[in-house]
Amino acid sequence: MSISSENKPLGKQVTGSLHTLSPIVELNVGGEMYTTTLSTLKKHPGSKLAEMFTGQPKLRTDSEGRFFIDRPGTYFKYILEYLRSNQVPTQCIQDVYKEALFYDIEPLIKQLEDSPQIFGELVARRQFLARVPNYSENIELMIRIARAEAVASRQSGVIVCVVRTEEDAARCQDALNSLDMDKKSVVKFGPWKAVPSISDLLDCIQMDVEAKGYKISFQPHVAEKGFRFKSHDFFYKFLFTWW
């Protein structure tokens with residue numbers, strides 16, 4: 001005896017219109033299983049998530065017929081809770097924010113951006129770092145230098161020159177000219193026009209290198225005798241520990 005389409009699980013009916021299917025939806029989000037309603041998923045019509053379940057199905061199904069979304073399943077529960085009850089998550093804020101951006105749920109995005117974690121990162125720290133010339137490129141340069149120096153070593157060091165003003169930049173260049181080292185291996189940050197201090201920038205450098213999985217620390221770099229300036233005014237040594 002044939003089974004009518006009305007009794008089949010939603011996920012297996014990939015050829016029909018979603019308007020004719022059961023309102024109960026089974027999802028496989030990155031290996032995490034969820035059950036919800038079609039109306040919950042379509043709560044915000046302009047979102048990418050709602051678009052996935054509007055009209056013809058736009059998703060593949062897994063072996064059990066559940067709709068499959070290739071995203072981190074751990075954080076989808078927070079997305080789903082927001083859709084169900086308008087509850088803004090208080091955990092895993094940064095990760096949930098990434099998922100809210102992916103699913104393009106505008107009200108949740110705006111509320112998360114008002115949270116201290118996202119506000120501080122987007123409005124304060126990133127806006128500051130945007131005013132530091134070549135910041136991201138210099139982070140990558142530091143990592144390349146450290147990896148090149150890591151052969152048969154437990155640690156490798158990278159000398160960083162940090163200058164906040166144009167005047168300091170000129171003094172730093174004079175200092176570099178008097179240093180007995182390969183000037184190409186010195187990574188220069190600055191100058192910048194913003195309130196944060198040199199110590200703030202050093203903290204940002206450490207934070208962003210550690211975010212890439214490296215173990216790192218820094219300290220003022222003390223030059224050898226004969227140096228014309230106090231070397232710790234400009235120079236810091238970042239130590240990468242490999243094992």
Side-chain angles (χ1 to χ4, degrees), residues 30 44 46-49 70-72 74-79 81-82 86-147 157-169 172 185-221 232-241:
H44 297 285
S47 69
K48 181 178 179 180
L49 184 61
D70 194 12
R71 296 294 295 181
T74 303
Y75 310 115
F76 189 74
K77 65 181 179 181
Y78 300 109
I79 299 292
E81 187 60 33
Y82 176 77
N86 290 323
Q87 181 176 329
V88 179
T90 58
Q91 303 178 51
C92 307
I93 300 297
Q94 297 281 356
D95 294 304
V96 176
Y97 179 66
K98 292 177 184 177
E99 297 310 296
L101 289 172
F102 173 78
Y103 294 114
D104 195 21
I105 304 173
E106 195 65 32
L108 178 57
I109 292 170
K110 290 181 179 179
Q111 290 183 69
L112 288 173
E113 287 179 348
D114 284 337
S115 69
Q117 298 94 322
I118 303 297
F119 179 86
E121 176 68 17
L122 294 181
V123 177
R125 200 176 84 92
R126 286 194 191 177
Q127 289 297 317
F128 159 52
L129 295 178
R131 301 184 184 188
V132 180
N134 303 314
Y135 176 80
S136 297
E137 293 84 349
N138 284 339
I139 293 291
E140 296 301 327
L141 178 58
M142 285 180 62
I143 292 172
R144 288 199 300 272
I145 293 172
R147 291 175 70 92
V158 178
I159 304 300
V160 168
C161 174
V162 183
V163 292
R164 185 173 178 182
T165 66
E166 295 289 352
E167 293 77 10
D168 283 346
C172 178
S185 67
V186 178
V187 182
K188 177 186 171 187
F189 287 85
W192 64 86
K193 295 181 180 179
V195 173
S197 64
I198 286 177
S199 63
D200 294 325
L201 181 65
L202 292 169
D203 287 340
C204 287
I205 294 171
Q206 182 175 15
M207 182 187 307
D208 289 330
V209 173
E210 287 180 340
K212 294 179 180 292
Y214 295 92
K215 184 177 180 181
I216 190 174
S217 62
F218 67 88
Q219 60 191 27
H221 176 63
H232 57 73
D233 286 346
F234 305 114
F235 296 97
Y236 298 83
K237 187 171 185 178
F238 279 79
L239 283 174
F240 287 72
T241 300

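Throughout, residue positions are numbered sequentially from 1 according to the sequence presented.
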Any idea which heavy atoms bring [X] and [Y] closest together, and the distance?
X      : Y      : result
Gln94  : Glu121 : NE2-CB, 4.2 Å
Val96  : Pro89  : CG1-CG, 3.7 Å
Asn138 : Pro133 : ND2-O, 3.9 Å
Ser185 : Ile145 : O-CD1, 3.7 Å
Asp104 : Lys48  : CB-N, 3.7 Å
Ala100 : Ile109 : O-CD1, 3.5 Å

Just by distance, do the side chain of Arg164 and the backbone of Ala194 share a donor-acceptor pair under 3.5 Å?
->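 Checked: pair present.
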Classify the angle between the aromatic ring planes of His44 and Tyr82 as parallel (below 30°), tilted (30 to 60°) or perpendicular (above 60°).
->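 Plane angle under 30°, so parallel.
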Which value, rounded to the nearest 0.5 Å, describes the distance between [X] atom [atom1] and [Y] atom [atom2]?
X      : Y      : atom1 : atom2 : value
Ile105 : Lys110 : CD1   : NZ    : 13.5 Å
Ile93  : Tyr78  : CD1   : OH    : 9.0 Å
Leu201 : Arg125 : CG    : CZ    : 10.0 Å
Ile159 : Tyr236 : CD1   : OH    : 12.5 Å
Ile216 : Leu239 : CD1   : CG    : 8.0 Å
Cys161 : Phe235 : SG    : CZ    : 4.0 Å

Please test Val162 against Lys188 for side-chain contact (heavy atoms from CB on, under 4.5 Å), starting from the C-alpha separation and ending with a verdict.
-> CA-CA 6 Å; Val162 183; Lys188 177 186 171 187; over 6 Å; no
So with a 6.0 Å cut-off around CD of Gln91, is the heavy-atom count from everything else above 12?
->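 Open.
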Give a yes or no on whether Glu166 atom CD has more than 12 heavy-atom contacts from other residues, nucleotides or ligands under 6.0 Å away.
->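 At most 12 heavy atoms, drawn from other residues, nucleotides or ligands, come within 6.0 Å of this atom.
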Listed once per pair and sorted, the side chain to side chain donor-acceptor pair (under 3.5 Å) pairs that draw on residues 195-207, sequence neighbours left out |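 Found Ser197-Ser199, Ser197-Asp200, Gln206-Glu210.
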Is any side-chain heavy atom of [X] less than 4.5 Å from a side-chain heavy atom of [Y]?
X      : Y      : result
Gln117 : Leu112 : no
Leu129 : Phe189 : no
Ser47  : Tyr103 : no

Taking the six-membered ring of Phe76, is the NZ or CZ of Arg71 close enough (under 6.0 Å from the centre) and on axis enough (within 45°)?
->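 The answer is no; the distance or angle limit is not met.
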Residue pair Glu113, Tyr97: steps toward the side chain to side chain donor-acceptor pair (under 3.5 Å) verdict = CA-CA 8 Å; Glu113 287 179 348; Tyr97 179 66; 2.5 Å; yes
Just checking, is any N or O donor in the side chain of Tyr135 or Asp208 under 3.5 Å from an acceptor N or O on the other one?
->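 Checked: Tyr135/Asp208 side chains pair up, N/O donor to acceptor below 3.5 Å.
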Compute whether any side-chain donor of one residue and acceptor of the other, for Arg147 and Tyr214, lie under 3.5 angstrom apart.
->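 There is such a pair between these side chains.
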Applying side-chain contact (heavy atoms from CB on, under 4.5 Å), run through Phe240 and Val209 and close with a yes or a no.
-> CA-CA 10 Å; Phe240 287 72; Val209 173; 3.6 Å; yes
Going through the distances and angles, do Val160 and Met142 end up as a side-chain contact (heavy atoms from CB on, under 4.5 Å)?
-> CA-CA 8 Å; Val160 168; Met142 285 180 62; 3.9 Å; yes
Only counting residues at least two apart or in another chain, list the ones meeting side-chain hydrogen bond (donor to acceptor under 3.5 Å, both in side chains) with Gln219.
->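 Testing Gln219 for side-chain hydrogen bond (donor to acceptor under 3.5 Å, both in side chains), a comparison that skips the adjacent residues, returns none.
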Before giving the answer on side-chain contact (heavy atoms from CB on, under 4.5 Å), spell out for Phe238 and Leu202 the whole-Å C-alpha distance, their side-chain angles and the decisive distance to 0.1 Å.
-> CA-CA 10 Å; Phe238 279 79; Leu202 292 169; 3.8 Å; yes
